[in-house]
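Notes for the one structure printed next.
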Amino acid sequence: MLHAGPSTEADFIPGDAGHCRWTQAEAEKIYNSPFNDLLYRAHTVHRAHFDPNAIQMSRLLSIKTGGCAEDCGYCSQSAHYPTGLKASKLMEVERVLAEARKARDGGATRYCMGAAWRSPKERDMEAIVAMVSGVRALGMETCMTLGMLTPAQSEKLAEAGLDYYNHNIDTSERFYGEIITTRSFADRLETLANVRDAGIKVCAGGILGMGETADDRISMLVTLANLPAPPESVPINMLIPIPGSKLADATPVDPIDFVRTVALARILMPQSHVRLSAGRTDMSDETQALCFFAGANSIFVGETLLTADNPGEDHDAALFRRLGLRPMALAARQAAAE
Ligand code: SAM
Ligand code: DTB
Ligand code: SF4
């Protein structure tokens, strides 16, 4: 299906897969337009595709924490930096399912399980598959983020019934090597293609506040929007500075620029769920409200993300009340995706 794209024919190059391909120049023009024009356009696109007051709620669990071989400069779990995080082994399936049950009872409809791996080992696949089918049996959508996947591993997860796979491109291709050296931007795209080919829905986004330029942020979104099919879910994380990590002292992103990026994501990927992801603890309610107006329609709920803090149920319930927001029902989301 065609997604609502640029406003004039001159604005885009038709892509092979039948959806618009955005150019960097067009995306920059939109990002740099007057703030009110940008937000008006983003919100109009948002209303055309979604209920503007419904927010999808996901819950995260770290199923294997720390000791990771990759050198991602933002991460608490990389073994390359003295972040003080204690590493642990893969969690037992029953414990994961007990946590998932609690999350479901707390209102989450998607359960996202993350492992601090470069890629999963064959010996871990049996437990991973059991986690996917167990969480599904609880009536929740499933998401995993385990690092790079081969085509065969992607097929195995698809057969287990995995709904989403999260694999972020994090930033622009140009800036990538400044943040991570143990894998390449092309490696990330390869896993995204493997996941897509296996028929799993794609969750892919990035992080703002790592010292990137506005053009890097725009380029990251153009890459995502121009994939053969745009990701169904686009997490926009604000860097949580981790003491001891390479980016511990990065300059925080300007909240207005953060909102501009969310708005651009909404315009470039009209049918995707845009997730206001990590970093909400350090964001004002007003900034979050602007993000929801600009088209963000998904959040992580609960006190913790993988290892870092998240606002928690009480704060989010109060925010939802103030803004008249409500949780997006599972059935409504499935209908919107069809
Ligand atoms: N190891 C897997 C991988 O890298 O794909 C999965 C887990 S990893 C922690 C998932 C994503 O969380 C990263 O790609 C990054 O975008 C985000 N993330 C990690 N640390 C973060 C931080 N300190 N602040 C914001 N986002 C972060
Ligand atoms: C994503 O884009 N953000 C989530 C999820 N995908 C896996 C992870 C955020 C991690 C924040 C830092 C932490 O908790 O360690
Ligand atoms: Fe490992 Fe993922 Fe953290 Fe990178 S982001 S260090 S791959 S856990």
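Computation of the quantities below employed the complete heavy-atom set of this structure, encompassing side-chain atoms and omitting hydrogens, waters and symmetry-equivalent molecules. Read the numbers this way: they start at 1 and go in the same order the structure lists the ligands and their atoms. Note that the coordinates shown come from a computational prediction; the quantities given were computed from them, not determined experimentally.
We find that Arg260 and Asp254 are not joined by a salt bridge, their nearest charged nitrogen and carboxylate oxygen being 4.0 Å or further apart. Salt bridge status for Asp316 with Arg280: present, with a side-chain N to carboxylate O gap under 4.0 Å. A salt bridge links Glu141 to Arg110: one of the charged nitrogens lies within less than 4.0 Å of a carboxylate oxygen. In this structure, Glu99 pairs ionically with Lys102, as a charged nitrogen and a carboxylate oxygen lie closer than 4.0 Å. With salt bridges taken as basic N to acidic carboxylate O contacts below 4.0 Å, one links Glu26 and Lys29. Ion pairing between Glu232 and Arg196 holds under the 4.0 Å rule for side-chain N and carboxylate O.
No part of Arg118 comes within 4.0 Å of ligand 1, judged by heavy-atom distances. The part of Arg183 lying near ligand 3 is the side chain, judged by heavy-atom distances below 4.0 Å. Within the 4.0 Å heavy-atom criterion, the part of Ile207 lying near ligand 1 is the side chain and not the backbone. Under 4.0 angstrom from ligand 1, the non-hydrogen atoms of Asn237 all belong to its side chain.
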* Yes or no on salt bridge (Lys or Arg N to Asp or Glu O under 4.0 Å) for Asp71 and Lys246, after CA distance, side-chain angles and deciding distance? -> CA-CA 9 Å; Asp71 71 349; Lys246 185 176 166 191; over 6 Å; no
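Residue contact check: Asn168 has heavy atoms under 4.0 Å from atoms 11 (C), 13 (C), 14 (O), 15 (C), 16 (O) of ligand 1. The contact set between ligand 1 and Trp117, taken as ligand atoms under 4.0 Å from a residue heavy atom, comprises 1 (N). For ligand 1 and Ile242, the ligand atoms under 4.0 Å from any heavy atom of the residue are 23 (N). Set against the non-hydrogen atoms of Thr145, the atoms of ligand 1 under 4.0 Å away are 2 (C), 5 (O), 6 (C), 7 (C). Proximity to Leu306 (heavy-atom distance under 4.0 Å) selects the following atoms of ligand 1: 9 (C). Counting atoms of ligand 1 from 1 in the listed order, those under 4.0 Å from a heavy atom of Met238 are 25 (C).
The main-chain N or O of Asn237 is never found under 3.5 Å from a side-chain atom of Arg275 such that the two would form a donor-acceptor pair. No donor-acceptor pair closer than 3.5 Å links the side chain of Thr181 to the backbone N or O of Gly177. In terms of modelled atom types and a separation under 3.5 Å, the side chain of Thr83 and the main chain of Ser76 share a donor-acceptor contact. Side-chain atoms of Ser245 come within 3.5 Å of backbone N or O of Ile242 as a donor-acceptor pair.
Taking each of Thr171, Leu208, Asp170 in turn, the one with a heavy atom nearest to atom 16 (O) of ligand 1 proves to be Asp170.
Heavy atoms from other residues, nucleotides or ligands lying under 6.0 Å from CD of Glu28 number more than 12. Atom CG of Asp105 has more than 12 heavy atoms from other residues, nucleotides or ligands within 6.0 Å.
The aromatic ring centroids of Phe293 and His46 lie 6.0 Å or more from each other.
A 4.5 Å side-chain heavy-atom check between Met91 and Leu61 finds at least one atom pair inside the cut-off.
Heavy-atom distances between Arg188 and ligand 1 reach below 4.0 Å in at least one pair. For Glu70, the closest heavy-atom approach to ligand 1 does not fall below 4.0 Å. Ligand 1 is approached by Ala115 to a heavy-atom distance shorter than 4.0 Å. Under a 4.0 Å heavy-atom criterion, Gly114 is not in contact with ligand 1.
Any N or O atom pair closer than 3.5 Å counts here, and Tyr74 shares at least one such pair with ligand 1. Where the criterion is an N or O separation shorter than 3.5 Å, residue side chain and backbone included, Ile240 meets it with respect to ligand 1.
Between Leu97 and Leu138, the closest heavy-atom pair is O-CD1, 3.8 Å. Shown here for Ile267 and Leu38, the closest heavy-atom pair between the two residues is CD1-CD1, 3.9 Å.
None of Val262, Leu264, Leu268 except one satisfies the side chain to side chain contact (heavy atoms under 4.5 Å, CB included) rule with Val274; the exception is Val262. When each of Ser277, Cys112, Pro235 is checked for a side chain to side chain contact (heavy atoms under 4.5 Å, CB included) with Asn166, only Pro235 meets the rule.
Among all non-hydrogen protein atoms, the one lying nearest atom 10 (C) of ligand 1 is Asn166 OD1, 4.1 Å.
There is a protein heavy atom closer than 4.0 angstrom to atom 4 (Fe) of ligand 3.
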As a test of reading the model: which N/O atoms of the protein lie under 3.5 Å from N/O atoms of ligand 2, and at what distance?
unit_1   : atom_1 : unit_2 : atom_2 : d
ligand 2 : 2 (O)  : Asn168 : ND2    : 2.8
ligand 2 : 2 (O)  : Asn237 : ND2    : 2.8
ligand 2 : 3 (N)  : Asn237 : OD1    : 3.0
ligand 2 : 3 (N)  : Ser277 : OG     : 3.4
ligand 2 : 6 (N)  : Asn166 : OD1    : 3.2
ligand 2 : 14 (O) : Leu306 : N      : 2.9
ligand 2 : 14 (O) : Thr307 : N      : 2.8
ligand 2 : 14 (O) : Ala308 : N      : 2.9
ligand 2 : 15 (O) : Thr307 : N      : 3.3
ligand 2 : 15 (O) : Thr307 : OG1    : 2.5

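Counting only protein N, O or S atoms closer than 2.8 Å to atom 4 (Fe) of ligand 3 gives 1.
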